[in-house]
**Q** 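Let me begin by handing over the structure; questions about it come next.
Reckoned from all heavy atoms, side chains included, excluding hydrogens, waters and symmetry mates. All residue numbers in this chain count up from 1 along the given sequence. What you see is a predicted model; the values in this text were computed from it and never measured.
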Amino acid sequence: LRAHQKYLPSDMKSLGDSYVKAEFRSILHSNNNKTTTPEQSQAFVDEWQKYLDQVVAQGRQRHNHGALSSIGAVVPESETTRTTLGQDLPDGLQLSDEQEAQLEKLRMEANKLAGGK
C-alpha cells in the first residue's frame, strides 16, 4: 500500500488499495481455514512481490522522467508519452474460471476510473 501511495496516480491508488486488501484477506482466510497449501501460499507471496517490484520500478521511472523534464533535460519522444502502468499478460496464459472472473472485474473497475474507455 505504501508503494501505491508513493508511485500510483491518485485514481489508481484506491483501486489498487482495495484490490490488494481483498486479495490478502482472501489468502489469509484460506490459510486460516487450511484450504491452501504452503506451496500455494508461497506462490501468492512470490507473485505479489513481483507486482510490488514492478510498481516501484515503474513509479521510479515515471518519477525520474518527470524530474528530468522539469529541469529542461531532453527526453526522447517515446519516453515523454509513456503513461502505461503494469504489463501485458503472456500469450497463451491459462487462467482458471475464478481468475478470469477476477480479471474481468478488475478490467471493469479500471475502465470506470478511465471514464469508460
**Q** Quick one: side-chain hydrogen bond (donor to acceptor under 3.5 Å, both in side chains) partners of E104, sequence neighbours excluded?
**A**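 Residues passing side-chain hydrogen bond (donor to acceptor under 3.5 Å, both in side chains) with E104: R107.
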
**Q** Once side-chain contact (heavy atoms from CB on, under 4.5 Å) is applied, do any residues pair with S18, and if so which ones, sequence neighbours excluded?
**A** none

**Q** Run the side-chain hydrogen bond (donor to acceptor under 3.5 Å, both in side chains) test against K50 and tell me which residues pass, sequence neighbours left out.
**A** E47

**Q** What I'd like to find out is whether the side chain of Y7 reaches to under 4.5 Å of the side chain of Q58, using heavy atoms alone.
**A**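 They are not in contact (no side-chain heavy atoms under 4.5 Å apart), so the answer is no.
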
**Q** List for me each residue that meets side-chain contact (heavy atoms from CB on, under 4.5 Å) alongside K6, sequence neighbours excluded, and say none if there are none.
**A**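 Partners of K6 by the side-chain contact (heavy atoms from CB on, under 4.5 Å) criterion come out as none, since no residue qualifies.
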
**Q** To the nearest 0.5 Å, what is the distance between OG (S14) and OH (Y19)?
**A**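 One gets 15.0 Å once the value is rounded to the nearest 0.5 Å.
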
**Q** Could I get the full list of side-chain hydrogen bond (donor to acceptor under 3.5 Å, both in side chains) partners for E23, not counting sequence neighbours?
**A**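 Scan of E23 (side-chain hydrogen bond (donor to acceptor under 3.5 Å, both in side chains), adjacent residues dropped) gives none.
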
**Q** Q49: which residues meet the side-chain contact (heavy atoms from CB on, under 4.5 Å) condition with it, sequence neighbours left out?
**A** L52, D53

**Q** Quick one: list whatever passes ring-ring contact (aromatic ring centres under 6.0 Å, His included) with Y51, sequence neighbours left out.
**A**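 Here the qualifying residues are H4, W48.
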
**Q** Mind checking what makes side-chain hydrogen bond (donor to acceptor under 3.5 Å, both in side chains) contact with D46, not counting sequence neighbours?
**A** Q42

**Q** For L95, give me all partners under side-chain contact (heavy atoms from CB on, under 4.5 Å), at least two apart in sequence or on another chain.
**A**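 For L95 the side-chain contact (heavy atoms from CB on, under 4.5 Å) partners, ignoring immediate neighbours, are L93, Q99, E100, L103.
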
